[in-house]
Amino acid sequence: MKNDKEQTIDWAILHYDKWQLYVARTEKGLCYVGSPGQTYEELKFMMQKRFPKANLVENEKALNPYLKELQEYFEGIRQTFSLPADIKGTPFQQEIWAALNQIPYGQTCSYSEIAQIIQRPAAVRAVGTAIGANPILITVPCHRVIGKNGAITGYRGGTEMKRYLLQLEAQSDRKKSIRL
């Protein structure tokens, strides 16, 4: 059933280190985490694709809980996200994004392993395309997917950010095990 109701999408900017990320939410939950260095135009384009009748409204107060969880993640305090998400995609994309959420913090998986998990071993390229369409970076951990040979491969947030996130998780995981 298609929802033609006009809706409001609240957005704000998360500033972290040298990056600024546009973050947006619907009344149902987080719907977008942008790429570093991208502009409001990327947010607008992505929201028009997924929520064609939406009005974008800057509203940092509404985004504060999401910004806080993302900030805690960047600080190595948070390993999982607890707030709801509202991500729209095809059934195949939804299946891939659900598989990404099963990759534990601090671990990685290859594109072919994701294809095996969803029991479609020949769909490696389609898996890559679905991963690339993930609208909420970091919270749906597409950065944890690497090449079969261990190479850091494409990422909507850029390979610099992908390396950073993988190193952050590896360091946090080491700190955790050292404290035991």
Side-chain angles (χ1 to χ4, degrees), residues 1-16 19-107 109 114 117-118 127-145 155-158 161-162 164-166 168-169 172:
M1 182 169 104
K2 189 172 178 167
N3 184 357
D4 288 333
K5 180 182 104 170
E6 213 172 276
Q7 65 179 315
T8 297
I9 295 180
D10 299 308
W11 67 271
I13 299 173
L14 171 67
H15 296 276
Y16 179 75
W19 296 324
Q20 80 172 21
L21 307 173
Y22 283 83
V23 181
R25 72 158 193 113
T26 67
E27 63 186 21
K28 294 179 184 174
L30 185 68
C31 65
Y32 179 76
V33 175
S35 305
Q38 290 301 316
T39 64
Y40 175 79
E41 293 307 310
E42 182 191 54
L43 166 68
K44 187 175 170 183
F45 174 76
M46 295 292 280
M47 293 303 94
Q48 285 174 341
K49 274 176 48 176
R50 289 185 162 78
F51 304 95
K53 295 208 177 243
N55 295 314
L56 292 170
V57 176
E58 186 173 9
N59 185 347
E60 189 170 334
K61 183 177 179 181
L63 270 293
N64 271 340
Y66 300 94
L67 299 175
K68 183 177 187 240
E69 284 200 358
L70 286 163
Q71 185 72 35
E72 289 171 351
Y73 169 83
F74 282 127
E75 293 170 358
I77 297 167
R78 174 175 294 280
Q79 294 185 0
T80 60
F81 296 91
S82 64
L83 294 168
D86 183 9
I87 54 175
K88 295 183 181 296
T90 67
F92 182 76
Q93 288 171 331
Q94 295 283 345
E95 185 177 13
I96 298 304
W97 300 336
L100 297 177
N101 280 322
Q102 301 308 308
I103 305 170
Y105 182 92
Q107 295 183 26
C109 195
I114 296 291
I117 289 168
I118 64 162
V127 165
T129 300
I131 290 170
N134 172 18
I136 52 176
L137 298 181
I138 304 163
T139 60
V140 173
C142 53
H143 61 277
R144 296 180 189 153
V145 181
Y155 182 60
R156 182 169 60 87
M161 182 181 208
K162 187 171 187 169
Y164 175 84
L165 297 174
L166 292 173
L168 170 72
E169 291 186 9
S172 294

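Start at 1 with the first residue, then count along the sequence.
Side chain of Lys162 to backbone of Val145: a donor-acceptor contact under 3.5 angstrom is found. A donor-acceptor contact shorter than 3.5 Å links the side chain of Glu69 to the backbone of Ser82. A distance-only check finds a donor-acceptor pair linking the side chain of Trp97 to the backbone of Ala130 [under 3.5 Å].
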Query raised in the report: Leu56 and Met47: side chain to side chain contact (heavy atoms under 4.5 Å, CB included), yes or no, with the steps?
Result: CA-CA 8 Å; Leu56 292 170; Met47 293 303 94; 3.7 Å; yes
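Annotation: side chain to side chain contact (heavy atoms under 4.5 Å, CB included) contacts of Thr129 (sequence neighbours excluded): none. Contacts of Asn101 classified as side chain to side chain contact (heavy atoms under 4.5 Å, CB included), with partners at least two apart in sequence or in another chain: Val140, Pro141. For Tyr16, the ring-ring contact (aromatic ring centres under 6.0 Å, His included) criterion is met by Phe74, not counting sequence neighbours. Asp86 pairs by the salt bridge (charged side-chain N to carboxylate O under 4.0 Å, His left out) definition with nothing, not counting sequence neighbours. Residues meeting the side-chain hydrogen bond (donor to acceptor under 3.5 Å, both in side chains) test with Gln38, sequence neighbours left out: none. Scored by the side-chain hydrogen bond (donor to acceptor under 3.5 Å, both in side chains) test, Asn64 finds no partners at all (sequence neighbours excluded). Partners of Glu95 by side chain to side chain contact (heavy atoms under 4.5 Å, CB included), not counting sequence neighbours, listed by chain and number: Phe92, Ile118, Arg120. Every residue two or more places apart in sequence or in another chain was checked for a side-chain hydrogen bond (donor to acceptor under 3.5 Å, both in side chains) with Glu60, and none qualifies. Remark: Phe81 engages Tyr73 in a ring-ring contact (aromatic ring centres under 6.0 Å, His included) (not counting sequence neighbours).
Scanning all heavy atoms of the two residues, the minimum distance from Tyr66 to Pro84 falls at CE2-O, 3.6 Å. Nearest heavy-atom pair across Cys142 and Tyr155 is SG-CE1, 3.5 Å. Considering every non-hydrogen atom in both Pro36 and Gly157, the closest pair reads CD-O, 3.3 Å. In terms of heavy-atom proximity, Ala99 sits nearest to Ile117 at CB-CG2, 4.3 Å. A pairwise comparison of heavy atoms in Met161 and Ile138 identifies CE-CD1, 3.7 Å as the closest pair. In plain terms, the two heavy atoms of Ser35 and Leu21 that are nearest each other are C-CD2, 3.7 Å.
Once rounded to the nearest 0.5 Å, the distance linking OG1 of Thr139 with CG of Leu30 reads 5.0 Å. A distance of 9.5 Å separates CG of Leu67 from NE2 of His15, quoted to the nearest 0.5 Å. Distance CG/Leu165 to CG/Leu137: 8.5 Å, rounded to 0.5 Å. One finds the CD1 atom of Ile136 at 4.5 Å from the CD1 atom of Ile87 (value rounded to the nearest 0.5 Å). Rounding to the nearest 0.5 Å gives a distance of 9.5 Å between CG of Leu100 and CZ of Arg144. Going from atom CZ of Arg156 over to atom NE2 of His143 covers 13.0 Å, rounded to the nearest 0.5 Å.
Residues in residues 43-52 take part in no side chain to side chain donor-acceptor pair (under 3.5 Å) pair, two or more places apart or across chains. Counting only residues at least two apart or in different chains, ring-ring contact (aromatic ring centres under 6.0 Å, His included) contacts with residues 19-44 comprise Trp11-Tyr22, Trp11-Tyr40, Trp19-Tyr164.
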